[in-house]
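Each remark here refers to the structure printed beneath this line.
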Number of protein chains: 2
Amino acid sequence: MLLAVGDIYKALADPTRRAILDELCERDRQTLFELCGRLAVKHGLSSSRQAISQHLDVLAAAGLIGVEREGRYKFHTIDTSPLRAIAERWPPRGGGDGP
Amino acid sequence: MLLAVGDIYKALADPTRRAILDELCERDRQTLFELCGRLAVKHGLSSSRQAISQHLDVLAAAGLIGVEREGRYKFHTIDTSPLRAIAERWPPRGGGDGP
DNA sequence: AGCATAGGCAAGTAAACACTTGCATGTCAA
DNA sequence: TTGACATGCAAGTGTTTACTTGCCTATGCT
């Protein structure tokens, strides 16, 4: 099974995708239409449904969101665990991590 | 003076730039020519000098590397502190970070 | 069944990006 | 000063990427 990790770095490169993650941080488990509405109102975005849908695909391929189907609804939940790899790849220099 | 924070997310989106950060993590304070050589040998990259130079500009604009001029040499040092903003923007979910 | 809602697929377009090419500037040693 | 070394600048090219457009499938309600 090829997991196709995608690329969390490329996924984070787009400001619209970062706004999606922001919104899911505030209110997790949203549908595509919910996200469209809330992104438009609260984040000032004017992206179409298809644009958001494609962004969600990229975020899911990167493992940053999970999808859960229920009937005709599809809920999206954020998953921040892949972000740890970033801080671990380039750890803080200077040794001590405490004050 | 306009600091032009750049975009750390866009800066991290390119695999060559990530390799540059990897290399600077191993050996900090390298010149452009040093980086070209070590990236080619140790990371299997075949990027031209100009390509690396442009990548260094992007990384510097994002605040991920610092530059220090000495005579005709220009040394590059890594700065991982902007990476903290990523983990802080989307903190781990589940509330407590302890058991 | 009939219709509205929620979402999916795929081709096409315009802008952003990485990279090249060619020449110019500045520093150091002889 | 001459020449070699280290880097800078800028226009041009090909690919990637975000977005649109148009149509299609599936679920749920009456």
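Everything numeric here is computed off the predicted structure, so don't read it as measured data. Keep in mind that the numbers below use all heavy atoms, side chains included, and drop hydrogens, waters and symmetry copies. To find a chain, count down the sequence lines: A is the first, B the second, and so on, and within it residues start at 1.
Contact detail for A:Arg18 and B:Asp7: the closest heavy-atom pair is NH2-OD2, 3.3 Å. Contact record, A:Asp14 with A:Thr16: OD2-N, 2.8 Å, taken as the closest heavy-atom pair. Between A:Ile86 and A:Ile8, the shortest heavy-atom distance links the atoms CG1-CD1, 3.9 Å. The two atoms that bring B:Ala85 and B:Tyr9 nearest to each other are O-OH, 4.4 Å, heavy atoms only. Across all non-hydrogen atoms, the minimal contact from A:Ala19 to A:Leu39 is O-CD2, 3.7 Å.
Taking every nucleotide of DNA chain D with any atom under 4.0 Å from a non-hydrogen atom of chain A, the first and last of them, 5' to 3', are D:dT17 to D:dG28.
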Under 3.5 Å, which donor-acceptor pairs link side chains of residues 52-72 of chain A to any protein atom two or more places apart or in another chain?
residue : atom : partner : partner atom : Å
A:His55 : ND1  : A:Arg17 : NH1          : 3.1
A:Glu68 : OE1  : A:Arg29 : NH1          : 2.9
A:Glu68 : OE2  : A:Arg29 : NH1          : 3.4
A:Glu70 : OE2  : A:Arg29 : NH2          : 2.7

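The end-to-end axis angle of the helix from C:dA1-D:dT30 to C:dA30-D:dT1, rounded to 10 degrees and based on five pairs per end, is 30°.
The CZ-C1' distance, from A:Arg29 to C:dA6, rounds to 15 Å in whole Å.
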Annotated protein contacts, base or backbone, on nucleotides 7-18 of chain C with a non-hydrogen cut-off under 4.0 Å, one of B, S, - each: BBB-------SS
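Ion pair B:Glu26/B:Arg38 not flagged as a salt bridge, since none of the NZ, NE, NH1 or NH2 atoms sits closer than 4.0 Å to an Asp/Glu carboxylate oxygen.
Grouped by direct or indirect side-chain proximity (heavy atoms under 4.5 Å, Ile/Leu/Val/Met/Phe/Trp/Tyr only), B:Phe75 sits with B:Tyr73.
Residues passing the salt bridge (Lys or Arg N to Asp or Glu O under 4.0 Å) test with B:Glu88, sequence neighbours excluded: none.
No more than 12 heavy atoms of other residues, nucleotides or ligands sit less than 6.0 Å from atom CZ of A:Arg84.
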